Amino acid sequence: MVHVRPSLIGLQSYVPGRKVPGAVVLASNECPYGLLPSVAARLARLTGGLSHYPDMGAGHLLQALADHHGVTPDRVAVGAGSSEVCGQLLHTVSAPGGEVVFGRRSFEAYPILTAVAGGTAVPVPLRDHVQDLEAMAAAITERTRLVFVCNPNNPTSTPVGESALRAFIDRVPEHVLIVVDEAYHEYADPSVVPDALALFGDRPNVVVLRTFSKAYALAGLRIGYCVGAPEIIAQVRKTQTPFSVSALAQEAAILALQEHEEVARRVARTVEQRERVTRELRALGYDLPASQANFVWLPLGQDSTAFADHCLANGVIVRAFSGEGVRVTIGLPEENSAFLTLAETWRPAFT
Ligand SMILES: *Cc1c(COP(=O)(O)O)cnc(C)c1O
C-alpha cells in the first residue's frame, strides 16, 4: 500500500458548481455575458499555434499587467487562475507545521490548498457574515506563515473596510505574508471596499490577488495573478508549474485588459441586477447582507440544502453550503427573474 500523506485523507475535495444541461447556472460566479467579442475573435485565430509551448515567463502579459497597475513587471506573478497563484503563495512560504489563517467561511480552496502545501489551516469564524480581522490577527502565532483576507468575501459577499484592513495589516508581524484576494474587485464600490494594491501595495509582506475569471469572463482559460514586492514575487514565480498559463490564456488576458469600457459596462449591469435581486429578496422577507460582489448570500442555515434542491428541481442551479447558506450568482436579468420566482415560491416553507 502506497503511503499517502495523512493530511490528505480527511481533506474535503473542492465542490465545483453543478452542471445540468439546460439549467440556469447561478452557482459559480461566472460572467453571464460570454467571452468579450474581441477576445473570442483573437482566440479563434490563435489555435494554430497550440502545438508549441507558451512563453513560460509570460513576458508580454506581465508588461501589460504592470502597465495596467502602474507598477514594474518584477512585482507581478501569473498562474493558471488565481487558485494556482494561491497555491504558489502557500508553497512559497509554507513549512511543516506552518499555520495559515483565513476566515470560515471564506473561499473553499483555501483549506484545500493549505493542506496540499503541507500547512496547517487555522480557520477563524466570521462575525455577522464578515471576516473578523481582530480575531484573525489574534490567531497569529510565531508559526503563522500566511493569512488570506478575501475582500469582498466569497461566499458571504461582504467586505472589510479600509480602516479595519489597515489596522490589521499594521498589526500582523512582518514575517507573515498577507494575501488580499480581490477576485471580485471590479464589482465592489471603491468607497466601501479598499483597493489593497493602491493602499498597501508598497508593504513588503502584502500581496494582492486578482483574476481574469470573473469580470473579464475568462474562467475557462485559467489565468490569474498577484502583485507584491519584487523579493517575494521572484520566489513565487519559482513555484509555478512550468508552462501552466497557456498561450491562449496569455493572449486573451492581454486583450481583455484593453477592453475596459466593455468590462465596465458589463460590471455595471451586474451591479444593477445585484441591487435589484437584493431589494426583491428583502421585500420577500429574506435577510441578506449587502453584497459587494457578483453574487448574493442567503444565510438560510439548516434550510440551505433544501432551498438549493427546490431551485434545482425547477431548473436553477445555486450553490448551497450545508447548514450555513446559499450563494447565488447574479446572472442575466431573465435568469435572475427565474431565481426570484423560485425564492418567492419557497418563502412559505420557512416563514
Ligand atoms: C473565483 C475566485 C477566485 C478565482 O479563481 P480562479 O482560479 O482565478 O478561477 C479566487 N479567489 C476567490 C475568493 C474566488 O471566489
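Atoms within a ligand are numbered from 1 in the order they appear, just like the ligands themselves. Keep in mind the model is a prediction, meaning the values are calculated, not measured.
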Asks: In the protein, which heavy atom is nearest to atom 11 (N) of ligand 1, and how far is it?
Replies: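 The protein heavy atom lying closest is D181 OD2, 2.7 Å.
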Asks: So, do Y184 and F295 have ring centers that fall under 6.0 Å from each other?
Replies: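 Yes, they do, as the ring centres are separated by less than 6.0 Å.
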Asks: What residue and heavy atom of the protein are closest to atom 10 (C) of ligand 1, and at what distance?
Replies: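 Scanning the protein heavy atoms, the shortest distance from atom 10 (C) of ligand 1 goes to S82 OG, 3.2 Å.
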Asks: Check whether the ring centres of H69 and Y225 lie less than 6.0 Å apart, and answer yes or no.
Replies: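 Close enough - the centres of the two rings lie under 6.0 Å apart.
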Asks: Under 3.5 Å, is there a donor-acceptor pair between the side chain of T241 and the main chain of S244?
Replies: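 A pair under 3.5 Å: no.
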Asks: Taking D67 first and then R75, would you say they form a salt bridge - that is, a charged N and a carboxylate O separated by under 4.0 Å?
Replies: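 Salt bridge flag = no for R75 with D67.
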Asks: Examine the proximity of ligand 1 to E84 and report which part, side chain or backbone, both or neither, has a heavy atom under 4.0 Å away.
Replies: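 No part of E84 is near ligand 1 at this cut-off.
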Asks: Counting from 1, what ligand 1 atoms have a heavy atom of A183 closer than 4.0 Å?
Replies: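 Answer, ordered by atom number: 2 (C), 3 (C), 10 (C), 11 (N), 12 (C), 14 (C).
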Asks: I'd like to know if E262 pairs up with R266 as an ion pair, taking the criterion as any Lys NZ or Arg NE/NH1/NH2 lying under 4.0 Å from an Asp or Glu carboxylate oxygen.
Replies: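 Yes, charged N to carboxylate O under 4.0 Å.
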Asks: Show me which atoms of ligand 1 lie under 4.0 Å from any heavy atom of G81.
Replies: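 Atoms satisfying the 4.0 Å criterion: 6 (P), 7 (O), 8 (O).
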Asks: To which of R222, K214, R210 does the heavy atom nearest atom 6 (P) of ligand 1 belong?
Replies: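 Answer by nearest heavy atom: R222.
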Asks: What do we get for Y184 next to ligand 1 when only non-hydrogen atoms under 4.0 Å count, side chain, backbone, both or neither?
Replies: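 Under 4.0 Å from ligand 1, Y184 contributes side-chain atoms alone.
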Asks: Any N or O of S213 that comes nearer than 3.5 Å to an N or O of ligand 1?
Replies: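 Yes; at least one N/O pair falls below 3.5 Å.
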Asks: Would you say G224 contacts ligand 1, with heavy atoms under 4.0 Å as the rule?
Replies: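 Distance cut 4.0 Å: G224 fails for ligand 1.
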Asks: For the side chain of S94 and the backbone of A117, is there at least one donor-acceptor N/O pair under 3.5 Å apart?
Replies: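 Answer holds: yes.
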Asks: Quick one: do E272 and R269 satisfy salt bridge (Lys or Arg N to Asp or Glu O under 4.0 Å)? Show the steps, please.
Replies: CA-CA 5 Å; E272 208 177 275; R269 295 186 66 175; over 6 Å; no
Asks: Below 4.0 angstrom, N of the basic side chain to O of the carboxylate: do K214 and E30 qualify?
Replies: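 Answer for the salt bridge query: no.
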Asks: Given C150, S83, C86, A80, which one has a non-hydrogen atom that is nearest to atom 13 (C) of ligand 1?
Replies: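 The nearest heavy atom belongs to C150.
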Asks: Only heavy atoms of N154, strictly under 4.0 Å: list the atoms of ligand 1 that pass.
Replies: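 Per the distance check, 13 (C), 14 (C), 15 (O).
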